Amino acid sequence: MKTGFSWHELFAWHDAGTYPLPYVEPAAVADSADAKRRFRNLLDVSGLLAQLQPLVVREASDAEILRAHAPELLEKIVATSRAGGGSIGRYAHIGAGGERIVRLAAGAAIEAVDAVLSGQVRNAYALLRPCGHHATRDASMGFCIVNNLAIAACHALDTRDVARIAVVDWDVHHGNGTQSIFWNDPRVLTISLHQDGLFALPGGQSDETGPDPRRTTNLNVPLPAGSGHDAYLSAFDRVVLPALDRFAPQLILVASGLDASSHDALGRMNLHSDSYRAMTTRLMDAAQRHCDGRLVLCHEGGYSATLVPFIGLAIIETLAGVRTEVVDPFLANVAKQSSQQLFAHQSEAIERAQQHVAKVPTP
Ligand code: ZN
């Protein structure tokens with residue numbers, strides 16, 4: 001079976017707007033089409049794209065979006081789109097006709113989940129724009145209009161034979177939207193690794209473990225700025241994987257932000273393509289242990305137009321079990337930096353999350 005892949009040219013046409021800067025000329029927000037399009041194009045040029053299964057990209061219906069969102073938010077998106085575009089929330093903008101692109105991204109996430117659950121593909125990467133993990137039930141923010149991954153998870157829980165889903169969010173920002181949407185839903189374990197103190201504050205601390213103090217249904221691993229390869233893998237080995245092994249999910253979804261890279265405009269972490277390769281391998285192994293390998297990655301942030309394509313290629317090579325002849329030109333330089341090692345203050349941050357893993361419910 002192949003790895004599924006989703007992309008639609010209209011994702012690149014999404015108008016994410018400009019920063020409201022009072023004293024200097026308006027500047028486009030960090031979320032441009034560039035990094036995503038170059039990611040998709042490197043898949044093409046490397047020959048990997050031809051070895052993937054293209055997945056259906058179609059518009060999500062009102063009913064599908066409303067499984068995760070309030071009607072008032074959808075009404076605002078529709079009205080703003082028809083009025084020629086504008087702001088939907090804090091750093092959340094759509095252009096004229098943007099409603100269609102928002103629906104296509106959410107629909108692509110649903111189709112990717114369905115393709116994996118039906119056995120059509122082994123696993124899947126949905127390269128989406130706009131991203132989704134900051135969007136809460138009733139608010140768009142942080143370049144996220146609706147929560148694509150949450151909509152797809154709700155679809156699986158409501159319409160497929162799935163009762164336990166784990167979400168792993170490795171975007172450099174806290175997955176606040178996904179955390180809040182599933183806060184009171186014990187069917188979903190949400191785990192977010194992120195840079196401490198970044199958007200969207202407040203929140204993202206390791207003591208946010210869910211509504212019932214006896215049961216950990218949400219794990220946050222806020223890592224200090226500068227964390228690199230060893231810190232992330234330590235967080236995986238001490239928090240993410242033991243939590244997944246307790247929860248025993250029937251499907252693993254990944255909020256795949258590539259903005260924890262060493263070159264990102266919005267993050268100050270230090271990962272490289274082999275870090276993402278190693279994290280992907282660990283999640284594939286966990287998915288194999290618990291759910292026949294059922295793993296779906298939904299693209300989130302990632303703002304380095306030069307590095308994102310190589311990280312994305314590394315992830316999808318790993319998912320597909322294929323190694324192209326492409327060599328990441330940044331890897332050797334970034335991987336040898338001394339900042340890749342695990343430092344004591346990073347280990348302490350991981351320890352604060354690790355103490356909550358024993359309360360993750362077992363089936
Ligand atoms: Zn992000």
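Just follow the structure's listing: the first ligand is 1, and inside any ligand the first atom is 1. The structure displayed is predicted, hence computed values, not measured ones. Along the sequence shown, residues are numbered consecutively beginning with 1.
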Task: salt bridge (charged side-chain N to carboxylate O under 4.0 Å, His left out) evaluation trace for D274 with R277 - done: CA-CA 5 Å; D274 270 0; R277 208 182 281 279; 3.2 Å; yes
TODO: Would you kindly confirm whether V296 and Y276 end up in one hydrophobic cluster when ILVMFWY residues are joined by side chain heavy atoms under 4.5 Å apart?
DONE: no
Open item on the list: On a heavy-atom basis, which atom in L55 and which in A115 lie closest, and how many Å separate them?
Closed with: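 For L55 versus A115, the nearest heavy atoms are CD2-CB, 3.7 Å.
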Task: Nearest heavy atoms of R187 and A163, plus distance in Å - done: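 Taking R187 first and A163 second, the nearest heavy atoms are CB-O, 3.3 Å.
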Open item on the list: Under a 3.5 Å distance rule, please check whether E99 uses its side chain to pair with a backbone N or O of I77 as donor and acceptor.
Closed with: no
Task: Backbone N/O of E59 and side chain of R100: donor-acceptor pair under 3.5 Å - done: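 Here the side-chain-to-backbone pair does not exist.
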TODO: Report, as a single number, the protein N, O or S atoms less than 2.8 Å from the Zn ion (ligand 1).
DONE: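 Count of protein N, O, S atoms less than 2.8 Å from the Zn ion (ligand 1): 4.
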